[in-house]
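Accompanying notes for the structure given below.
To find a chain, count down the sequence lines: A is the first, B the second, and so on, and within it residues start at 1. The model shown is predicted, which means the values in this text are computed figures rather than measured ones.
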Amino acid sequence: MIEVAVRKTLRTFELDVKTTFGRGVTVLAGPSGAGKTTLLRIIAGLSRPDAGRVALDGAALDGVPAFRRDIAFVFQEYALFPHLDVLGNVTFGLAARGVPRADRAAQAHAWLERLGIAALARARPAALSGGERQRVALARALAWTPRAVLLDEPFAALDHATRGTVRDEVRAVLAALDVPVVLVTHDETDVAAFSAPVVRLDRGSVVKDDT
Amino acid sequence: MIRALVAIAAAVLVAFIAVPLAALYAHLSPAAFARAIAGAPAQAALRISLFTTAWSLALTLVLGTPLAYVLARREFPGRTLVDALVDLPIVVPPAVAGLALLFVFGRFGLAAPLLEPLHLRIAFTTAAVVLAQLFVGAPFYVRSARAGFAAVERSYEDASATLGMGPLRTFARVTVPLAFPALAGGAVLAWARALGEFGATIMFAGNLPGVTQTLPLAVYLGLENGDIDLASALALVLVTIALAVVVATRLLERRAA
């Protein structure tokens, strides 16, 4: 469970959010520029709130740096490491946790298999299609069993044709997770497709909260 | 008509650069080159140059990398000033740099009260050669490294952090590999500038064979003593290295692009 009660002054408005993200998927919806990404970055520890706190499973995360939070983040443009191949990207979080090299590869391969991209293990991100990048980003985020998963507009970089398929796949993978998952989207078709609890932000304030 | 003038102007400058360099290669027979380069003065100068530039490069990397990163990533008061200051040695005449270093590390320099009790003498020692090279060479590295770090998208460092890598490991595993062509290119340039250093060295370190006499100083002394073969053999070594440096930086630039 992620408990959030934070305030942060943004350029044209104040982000002021108090809500709770329970186990399973919650869709964080709202128009572009509503403060959704900022809220995700605050939860992940990539951005600091002016006031307030974030807690994960009851433990406050004040002062805990991003790299010690065990919260996975799927970036909008994926931010796959261009100097590493797919396997290097997916094993990155395992390497950070000191998992032995052989185990890393095995665990990463299991995820690549599951997402149907095992054949791409040695490919560089630059050689991948948008849908493939999305799957690699997801595998990289999940391979080390994070305690929460945040996805920032995971379908925005995809073209219309692949969007639906990838969304169905991602939904299936996320549904199997037993941790809080927050998926940010500005797209109402995503909101409808996930049929999950929705927290809706507008200009920094919660205007709808199913949680 | 204009096209012809452009072609002539271009050809004149290209020839002006190419002919003297080619003349260096033409001056010495391979046998004379081998004889000059095997001699004790040449060997001593080569040794001093390799030793001092290795040290100045190491100091450049150790001190320049954090500075370049901070300049690329952090906002702090006086940043623009520091940025400009670091570029200054590129345009300051080397002889002036040498004099300035004397005013700090010389017998009556600013640092004398610190150095004297420790019986540390820096001016006119091999250490002075290293410091002179650091002063003139480091800016080339910092400049290039700063640009390289600035070009690394922050989202890669953010991604590394959310995957559990701390700041130092993120730097080593993400930032440095992504900025590598700029770092290596800057290091090569800084090293080459240090290797060619003359003015600051002769002012601040002197021209003592086997102690502070680097390749450029030995070229100068060879010419002054009438040993043209020694001077041109060492000059050939320096030009050949310069050629390799130009090729290397081009290759690194291509890799970066």
Among A:A44, A:A79, A:G45, the residue with the most heavy-atom pairs under 4.5 Å to chain B is A:A79
Note: vs chain B, highest number of non-hydrogen pairs under 4.5 angstrom among A:A95, A:P82, A:A137 is A:P82
Before you tell me yes or no, could you show the steps for A:L174 and A:L177 under side chain to side chain contact (heavy atoms under 4.5 Å, CB included), namely the whole-Å CA-CA distance, both residues' side-chain angles and the distance that decides it to 0.1 Å? CA-CA 5 Å; A:L174 296 180; A:L177 298 176; 3.8 Å; yes
Given a strict heavy-atom distance threshold of 4.5 Å, which part of [X] is in contact with chain B: side chain, backbone, both, or neither?
X	value
A:I71	backbone
A:F73	both
A:R41	side chain
A:L80	backbone

NZ/NE/NH1/NH2 to OD/OE distance under 4.0 Å, A:R163 and A:D190: yes
Side chains of B:E157 and B:T175: donor-acceptor distance under 3.5 Å anywhere? yes
Hydrogens and angles aside, do B:S155 and B:D158 bring a side-chain donor and acceptor to less than 3.5 Å of each other? no
Taking it one step at a time, do B:T65 and B:Y141 satisfy side-chain hydrogen bond (donor to acceptor under 3.5 Å, both in side chains)? CA-CA 8 Å; B:T65 306; B:Y141 173 73; 2.7 Å; yes
Contact part of B:S160 toward chain A, heavy-atom cut-off under 4.5 Å: side chain, backbone, both or neither? both
Nearest-0.5 Å distance, OG1 of residue B:T201 to CG of residue B:L131: 10.5 Å
